[in-house]
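Let me begin by presenting the structure, written as structure tokens, before commenting on it.
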Amino acid sequence: MSEVRVRIAPSPSGNLHIGTARTALFNYLFAKKNNGKFVLRIEDTDAERTSQEYVDNIFDSLKALGLNWDEGPDVGGNYGPYTQSQRFDIYPKYVQQLLDSGFAYECFCTPEELEAEKEEATAAKKAYVYSKKCENLSEEEKAKLRAEGRKPAIRFNIAKAQKAFHSSTILEFDDLVKGKLHVDTNLIGDFVIMKSNGAPTYNFAVVIDDALMKISHVIRGEDHISNTYKQILIFEALGFEVPRFGHLGMILAPDRSKLSKRHGATAVSDFVKEGYLTDALINFVALLGWSPSDGQEIKTVDEIAQDFRIGEISSSNSIFEYDKLKWMNSHYIKMLPIEELKERLKPYLTKYDLSSLTDEQYTKMVEITREPLTLLSDITDAVPYFFGKDVEIEPETQTGTLDTDVAQKVLVDFLEKAKAWEWTEENLHEKLAEFRAYWKEKDGIKPKVTMWAVRAAITGRTCGADMVGILEILGKETSLYRAEKAIKLAV
RNA sequence: AGCGGUAUCGUCUAGUGGUUAGGACGGGAGAUUCUCAUUCUCCAAACAGGGGUUCAAUUCCCCUUACCGCCGCCA
């Protein structure tokens with residue numbers, strides 16, 4: 001049995017898309033499960049739409065997701081180069097081979113002629129298939145065309161290959177996830193494998209690259225199904241072993257259209273910027289199609305790999321539900337060790353002077369504010385009151401809470417009593433409880449109302465983290481200063 | 001238009017020729033808490049439609065419908 005080798009072959013015409021990340025994940029899982037190799041190949045054939053920035057983004061995103069490749073542009077391998085643009089000199093040889101064996105021919109048609117053919121087909125309500133008018137050009141005719149300055153493109157001869165390797169025009173293959181798939185080769189036009197400018201087309205280059213890189217299983221999106229038939233024929237015409245194919249359903253936006261920025265983040269790096277954890281992202285995306293045999297959805301990539309069977313992947317499209325991703329992200333945030341969380345949160349706290357807090361205070365702050373975080377970025381708006389002497393009071397908190405008679409009398413009492421309190425967590429906890437009990441007893445004020453007053457004065461809002469923790473971090477001086485100021489302001 | 005694919009709660013899915021069709025997110029109700037949130041408990045929510053095959057079909061077959069994909073000298 002030959003070695004399992006799979007690949008992800010992104011085109012660097014944009015940042016790594018979440019859909020590509022999922023395809024990469026399934027390839028990675030398949031490799032892991034089968035002790036195979038996961039290779040990364042950059043398909044930058046189209047120089048105009050390609051940029052180094054995107055290449056870097058693809059590398060970084062894949063690494064951040066933990067999808068490490070065994071062979072690739074940066075780490076090398078025995079089947080390089082792994083960047084398609086650096087492989088341009090190896091394609092002509094195979095084109096020539098196809099030309100020599102009659103599986104390909106030169107096509108001198110101009111874009112205008114081709115366009116006319118297509119329009120004709122459209123007008124006749126027929127599916128467009130290339131006319132093959134250049135299939136049997138004589139040498140004289142070709143010479144003449146060449147003399148006119150025309151540069152030929154090379155087309156693959158579908159019918160020839162079909163007849164040479166298959167008894168029927170129905171071409172079938174057994175898809176790893178969808179089962180038997182087939183098409184009538186009469187419906188496939190002779191497609192271009194090498195452009196008139198000498199560059200290979202996608203369908204040709206992938207075959208050469210996959211064959212030379214000894215890729216055993218091609219796992220990709222189902223938008224490639226129709227390419228598969230063409231590619232199989234090329235593999236055969238060149239005498240290469242045909243790999244197995246597996247086609248995954250697509251990821252759709254909640255409105256069933258293609259997932260785009262309009263729906264939210266689409267690039268892995270954008271999700272990260274927004275405060276998603278890559279562990280959550282990868283876990284979530286795995287659940288789009290794959291499901292755990294034990295029902296436990298929260299799993300690491302390694303755990304998923306153990307439980308992974310490609311044939312059990314759902315073959316239908318699935319909708320990218322941001323809500324579930326958010327839930328999963330908040331779950332992962334809760335699971336994060338405190339020290340790591342403290343680091344991960346820092347990028348979202350740059351507007352504050354973190355140096356004003358001791359490490360102990362910062363730790364405490366993270367501990368008491370982490371609970372409601374859905375995104376790491378949520379921390380930004382959750383902590384302003386931990387910084388500075390003064391605090392900004394929300395207008396509605398000022399009028400709705402602080403300015404009320406109840407709040408004012410509670411605060412006056414709070415200030416008075418708190419002056420005598422020893423400022424330790426244990427003691428504050430106890431004193432605050434006594435304080436609430438006192439007002440409940442005295443005026444029947446609900447505990448939460450009592451706390452609203454204190455909270456509003458100290459934090460400027462009516463909701464937030466554990467009050468004891470807040471007071472402790474702020475310290476006695478600042479806490480009392482704010483309480484006093486809240487009273488003065490209202491009088 | 002043609003060709004190919006897909007079809008279980010709103011969403012991701014499990015599942016079976018005979019099940020109270022299960023779980024998760026989301027939604028609703030309640031409990032706990034100093035607020036928000038968390039957590040916990042409970043509830044509502046699905047086999048697209050029509051034909052077959054069969055004692056029995058959500059499950060197997062066919063058709064319809066819906067949706068997705070592909071029809072480039074893009075990848």
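Throughout, a chain's letter reflects where its sequence line sits, starting with A, and its residues are numbered from 1.
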### Query
Closer than 4.0 Å, any side-chain N/O of A/K195 to the OP1 or OP2 of B/A75?
yes
### Query
Taking CD1 from A/I251 and P from B/U13, how many angstroms apart are they, rounded to a whole number?
10 Å
#### Entry: Partners passing ring pair (Phe, Tyr, Trp, His ring centres under 6.0 Å) against A/H224 (at least two apart in sequence or in another chain)
A/Y202
### Task
Mind checking A/K334 for me? I need base, sugar-phosphate or nothing, with any heavy atom below 4.0 Å counting as a touch.
sugar-phosphate
### Task
Please state how far atom CD1 in A/I193 lies from atom P in B/G72, giving the value in whole angstrom units.
17 Å
### Query
Which part of the nucleic acid does A/G289 contact within heavy-atom distance under 4.0 Å: base, sugar-phosphate only, or nothing?
sugar-phosphate
### Task
Pick base, sugar-phosphate or nothing for A/K118, based on heavy-atom distances below 4.0 Å to the nucleic acid.
sugar-phosphate
### Query
CG of A/D381 versus C1' of B/A37: gap in Å, rounded?
16 Å
### Message
Which residues pass the side chain to side chain donor-acceptor pair (under 3.5 Å) test with A/S168, not counting sequence neighbours?
### Response
none
### Query
What nucleic acid atoms does A/S291 come within less than 4.0 Å of, heavy atoms only: base, sugar-phosphate, or nothing?
sugar-phosphate
### CA sep, side-chain torsions, deciding dist, call: A/D378, A/Y348, side-chain hydrogen bond (donor to acceptor under 3.5 Å, both in side chains)
CA-CA 8 Å; A/D378 289 340; A/Y348 304 96; over 6 Å; no
### Message
Please classify the nucleic acid contact of A/T201 as base, sugar-phosphate, or nothing, using heavy-atom distances under 4.0 Å.
### Response
sugar-phosphate
### Task
Taking ring pair (Phe, Tyr, Trp, His ring centres under 6.0 Å) as the test, write out the residues that go with A/Y229, two or more places apart.
A/F173
### Message
Applying a 4.0 Å non-hydrogen cut-off, can you work out what A/E43 is touching in the nucleic acid: base, sugar-phosphate, or nothing?
### Response
sugar-phosphate
Can you give the donor-acceptor pairs under 3.5 Å from side chains of residues 429-445 of chain A to other protein atoms, not counting sequence neighbours?
| residue | atom | partner | partner atom | Å |
| --- | --- | --- | --- | --- |
| A/W439 | NE1 | A/D413 | OD2 | 2.9 |
| A/D443 | OD2 | A/K409 | NZ | 2.6 |

### Task
Please identify each residue that fulfils salt bridge (charged side-chain N to carboxylate O under 4.0 Å, His left out) with A/K326, with sequence neighbours left out.
none
## Note on the structure
In B/S/- notation (B base, S sugar-phosphate only, - none; protein heavy atoms under 4.0 Å), nucleotides 1-11 of chain B written 5' to 3' is S-SSSS----S
